[in-house]
Amino acid sequence: MSGIPTTHQNLVSLDLRKLLEWVKSKDGVPTLWMVLRRIAIKRRQQVENTKKDPSMSLLMIIAQLSYSHSSHNNHVPQLFATYFQAIRMPSKAFEVLHQLGVCMSQRWAEQAVKRLANDAISRMSKAIHLSSYVITGDNINIYSQVFSQRVHNQNS
């Protein structure tokens, strides 16, 4: 497993707009940002087409370059991989995006989602033991994956 341990806090604290501002700042990679921006937008296009902003595309390019260098501190591919796993993206598409540096591998994402689910169950259990509680629910889905449906193991 590579990368920072995926936690609920790591995922919800990632703000792409703040990351974009950091990339542009002195602490980020301002020279790379300016070079990519000059490649992406012509001066005429900048004046005439005020609605088209390539900032997020450029941020994704920088995230892909960063991921190519090291996956240990790059939250963007981790966020995308977790999202793709949650929506059950097909394996082939997942692998293509992983090879392009858009997201972590599907295996990493499966393990991350399992860790997130176990962490959520653990936090819920602690909360139940520490305070009084009332549970109401409708269609509560606890993440668990069934790899094959057999006669004795079918969702009916």
(request) Decide side chain to side chain contact (heavy atoms under 4.5 Å, CB included) for L97 and F80; before the verdict, give the C-alpha distance in whole Å, the side-chain angles of both, and the deciding distance to 0.1 Å. (result) CA-CA 10 Å; L97 291 174; F80 281 121; over 6 Å; no

(request) Kindly indicate, with the supporting measurements, whether the criterion side chain to side chain contact (heavy atoms under 4.5 Å, CB included) is fulfilled by V76 and L59. (result) CA-CA 10 Å; V76 176; L59 180 63; 5.6 Å; no

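Between the S125 side chain and the I121 main chain, no donor and acceptor come within less than 3.5 Å of each other. Under the 3.5 Å distance criterion, the side-chain polar atoms of N74 are matched with a main-chain donor or acceptor of A63.
Looking only at side-chain heavy atoms (C-beta outward), T82 and W108 come within less than 4.5 Å of each other. Contact check for P54 versus I41: side-chain heavy atoms found under the 4.5 Å cut-off.
Scanning both residues, A81 and C103, for their nearest heavy atoms gives N-CB, 3.7 Å. Here the shortest heavy-atom pairing between H98 and Y67 reads CE1-OH, 2.9 Å. Across S25 and P30, no two heavy atoms sit closer than the pair O-CD, 3.2 Å.
E21 is linked by a side chain to side chain contact (heavy atoms under 4.5 Å, CB included) to K24, counting only residues two or more places apart in sequence or in another chain. Scored by the side chain to side chain contact (heavy atoms under 4.5 Å, CB included) test, K52 finds Q45, N49 as partners (sequence neighbours excluded). S91 meets the side chain to side chain donor-acceptor pair (under 3.5 Å) test with Q106; sequence neighbours excluded. The side chain to side chain contact (heavy atoms under 4.5 Å, CB included) test applied to M34 returns no partner, not counting sequence neighbours. Here R43 pairs with nothing under the side chain to side chain donor-acceptor pair (under 3.5 Å) rule; sequence neighbours left out. Residues satisfying the side chain to side chain donor-acceptor pair (under 3.5 Å) test with S55, not counting sequence neighbours, are D53. Not a single side chain to side chain donor-acceptor pair (under 3.5 Å) links Q64 to another residue, sequence neighbours left out. For R17, there are no salt bridge (Lys or Arg N to Asp or Glu O under 4.0 Å) partners, not counting sequence neighbours. Shown here are the side chain to side chain contact (heavy atoms under 4.5 Å, CB included) partners of A120, two or more places apart in sequence or in another chain: R123.
Under the 4.5 Å side-chain contact rule for hydrophobic residues, L32 and I61 share a cluster. A continuous path of Ile, Leu, Val, Met, Phe, Trp and Tyr side chains, each step under 4.5 Å between heavy atoms, connects Y83 with V102, placing both in one hydrophobic cluster. Hydrophobic clustering (ILVMFWY, side-chain heavy atoms < 4.5 Å, transitive): L36 and M56 are in one cluster. Hydrophobic clustering places F84 together with V96 (ILVMFWY residues linked when any side-chain heavy atoms are closer than 4.5 Å, directly or through intermediates).
Q111 CD to L116 CG: the interatomic distance, rounded to the nearest 0.5 Å, is 12.0 Å. In this structure, Q85 CD and S105 OG are separated by 10.0 Å, a value rounded to the nearest 0.5 Å. Within the model, atoms CZ of R115 and OG of S122 stand 14.0 Å from one another, a figure rounded to the nearest 0.5 Å.
Other members of the cluster containing V47 do not exist, because no ILVMFWY side chain is joined to it at under 4.5 Å. Its side chain outside the 4.5 Å cluster rule for every partner, L130 clusters with none of the Ile, Leu, Val, Met, Phe, Trp and Tyr residues.
Sorted by first then second residue, the side-chain hydrogen bond (donor to acceptor under 3.5 Å, both in side chains) pairs that include residues 30-42, not counting sequence neighbours, number zero.
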